Asks: 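Got a structure for you, written out below as structure tokens; questions coming shortly.
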Amino acid sequence: MDLIQVSQRRRFLGKVGAALCIFLFLAVADGLVALFRQPPNVLKVLPGESVEINGDVPGEINHLQELQHSSTTGGLTLAVQELHKGYFLGGAMWRGRLTVSPNLAPGEYLLTVSTKSLPRGQAQPFFRVLVFGSVQARLRSSTSLIQRHTGYSPWTVAAAFFPFILLVFGLVFLLSQRRETLLRQQGQAEIYRLVRDDTGWTIRFGLGAAQGLTPGVRLVILDEAGRTVGAAAVKEVGETDSWAVVSGDQEVKIGYLVSSR
């Protein structure tokens, strides 16, 4: 590939990468919004389904047997499996599995989990169990736009975008390295740093002593279209990178080229 082809492909892949990053951000945002919009005590299930369930322990207990539960239907069966500490606040929690009867009619049911020692008058923790008649009906109730319209979790969609983003930007990096090599062969390099002072600009770019550059050499500044927009004088020379001074109010930007030929 020549310099024009490399530059075109790098520019195209950069746009693709930017678009993928936007889609990733939107998927993560959708997942976070859905997470905050759905209360943690709401369960959306189907008849015949069995799901994991977590809840706070009301009060203090020492054994699983001290927990008791009840529901507004006989079609919900809760099997408490263990006690554990909460991930964030470290409070006592229980973990179990809720099984829905295959014959349970769609609707809303309440499941209450309490302890025998809970003081009278204290509110009992409860779950709103929403039973749907079909997968499509449950999807239509999702607080996630992505899940509602595609059937996929926004977190799954975000995870799917991530390897493509890595691949695209990996290719952009390789093309950038190839472009830099081709530019140096032509005595050119991109400006990658600008410093403003009272007299003008000091610029840094990827040409140096290895390319025959010496202090005092005059360089031409080119814009993205290859038009000459100014000139610079080399100030400090390194092996592969150098500093140059651009006087006055000449137009100069990151990504412009300097040329020694």
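Please read these numbers as outputs of a predicted model, since none were measured by experiment. Values below: all heavy atoms of this structure, side chains included; hydrogens, waters and symmetry mates excluded.
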Asks: Is the closest basic N to carboxylate O distance between Lys253 and Glu224 below 4.0 Å?
Replies: no
Asks: Does atom CZ (Phe23) have a neighbourhood of more than 12 heavy atoms from anything else shown, all under 6.0 Å?
Replies: no
Asks: Test your reading of the model: is there a side-chain donor-acceptor pair from Thr156 to the backbone of Tyr152, 3.5 Å cut-off?
Replies: no
Asks: Decide whether Val113 and Leu130 are clustered together by the hydrophobic rule: side chain heavy atoms of Ile, Leu, Val, Met, Phe, Trp, Tyr closer than 4.5 Å, transitively.
Replies: no
Asks: Donor-acceptor pair, distance only, cut-off 3.5 Å: does the side chain of Thr72 make one with the backbone of Leu110?
Replies: yes
Asks: Can a donor-acceptor pair be found, under 3.5 Å and without considering hydrogens, that links the side chain of Arg184 to the backbone of Gly206?
Replies: yes
Asks: Grouping I, L, V, M, F, W and Y whenever their side-chain heavy atoms are under 4.5 Å apart, do Leu24 and Leu145 come out in a common cluster?
Replies: no
Asks: Please report the interatomic distance CG(Leu111) to OG(Ser70), rounded to the nearest 0.5 Å.
Replies: 7.5 Å
Asks: Quick check: do Arg138 and Leu46 have side-chain heavy atoms less than 4.5 Å from each other?
Replies: yes
Asks: Tell me whether Glu108 is salt-bridged to Arg128, with the criterion being a basic N under 4.0 Å from an acidic carboxylate O.
Replies: yes
Asks: Between atom CG of Leu207 and atom CG of Leu183, what is the distance when rounded to the nearest 0.5 Å?
Replies: 8.5 Å
Asks: Could you report the tightest heavy-atom contact between Ala159 and Pro163, atom names first, then the distance?
Replies: O-CD, 3.0 Å
Asks: State which residues pass side-chain contact (heavy atoms from CB on, under 4.5 Å) with Val217; sequence neighbours excluded, sorted by chain then number.
Replies: Leu213, Thr214, Leu219, Val234
Asks: Please check if the side chain of Glu180 supplies one atom and the backbone of Gln177 the other of a donor-acceptor pair under 3.5 Å.
Replies: no
Asks: How would you list, by chain and number, every residue that makes a side-chain contact (heavy atoms from CB on, under 4.5 Å) with Asp2, sequence neighbours excluded?
Replies: Ile4, Gln5
Asks: Answer yes or no: is there a side-chain heavy-atom contact under 4.5 Å between Ile165 and Cys21?
Replies: yes
Asks: When you measure from the side chain of Ser144 to the backbone N and O of Gly31, does any donor-acceptor pair fall under 3.5 Å?
Replies: no
Asks: Shortest non-hydrogen contact from Asn54 to Phe127?
Replies: O-CZ, 3.2 Å
Asks: Could you tell me whether Arg97 atom CZ has more than 12 heavy atoms of other residues or ligands within 6.0 Å of it?
Replies: yes
Asks: Which pair of non-hydrogen atoms, one from Ala34 and one from Thr143, has the smallest distance, and what is that distance?
Replies: O-OG1, 3.1 Å
Asks: Enter the distance from Arg148:CZ to Asp30:CG here, rounded to the nearest 0.5 Å.
Replies: 8.5 Å
Asks: Which heavy atom of Leu175 sits nearest a heavy atom of Val6, and at what distance?
Replies: O-CG1, 3.4 Å
Asks: Determine whether Leu139 and Gln147 satisfy the following criterion, side chain to side chain contact (heavy atoms under 4.5 Å, CB included), listing intermediate values before the conclusion.
Replies: CA-CA 7 Å; Leu139 285 176; Gln147 191 163 35; 3.9 Å; yes
Asks: Would you confirm whether Lys44, through its side chain, and Ser141, through its main-chain N or O, come within 3.5 Å as a donor-acceptor pair?
Replies: yes
Asks: Passes side chain to side chain contact (heavy atoms under 4.5 Å, CB included), Arg140 versus His149? Steps please.
Replies: CA-CA 8 Å; Arg140 287 194 296 269; His149 294 288; over 6 Å; no
Asks: Going through the distances and angles, do Leu98 and Leu43 end up as a side chain to side chain contact (heavy atoms under 4.5 Å, CB included)?
Replies: CA-CA 10 Å; Leu98 179 69; Leu43 299 174; 3.8 Å; yes
Asks: Return the CG to NZ distance between Leu20 and Lys15, rounded to the nearest 0.5 Å.
Replies: 14.5 Å
Asks: Just checking, any donor-acceptor pair under 3.5 angstrom between side chains of Ser242 and Arg204?
Replies: no
Asks: Same cluster or not: Leu174 versus Val16, using hydrophobic residues (I, L, V, M, F, W, Y) connected whenever any side-chain heavy atoms lie under 4.5 Å apart?
Replies: no
Asks: Are Leu171 and Phe173 connected into the same hydrophobic cluster when the rule is that any two of I, L, V, M, F, W, Y join if their side-chain heavy atoms are below 4.5 Å apart?
Replies: no
Asks: Working to the nearest 0.5 angstrom, can you tell me the gap between Leu104 CG and Thr73 OG1?
Replies: 4.5 Å
Asks: Step by step, would you call Val252 with Leu194 a side chain to side chain contact (heavy atoms under 4.5 Å, CB included)?
Replies: CA-CA 8 Å; Val252 58; Leu194 295 173; 3.8 Å; yes
Asks: Please report the closest heavy-atom contact between Val246 and Ala232, naming both atoms and the distance.
Replies: CG2-CB, 3.7 Å
Asks: Check the surroundings of atom OH in Tyr192: do more than 12 heavy atoms from other residues, nucleotides or ligands lie under 6.0 Å from it?
Replies: yes
Asks: Mind listing the closest non-hydrogen atom pair of Trp94 and Leu83 along with its distance?
Replies: CB-CD2, 4.0 Å
Asks: With rounding to the nearest 0.5 angstrom, report the CG to NE2 distance, Leu67 to His69.
Replies: 9.5 Å
Asks: Membership question, hydrophobic clusters at under 4.5 Å side-chain separation (ILVMFWY): are Trp155 and Phe164 in the same one?
Replies: yes
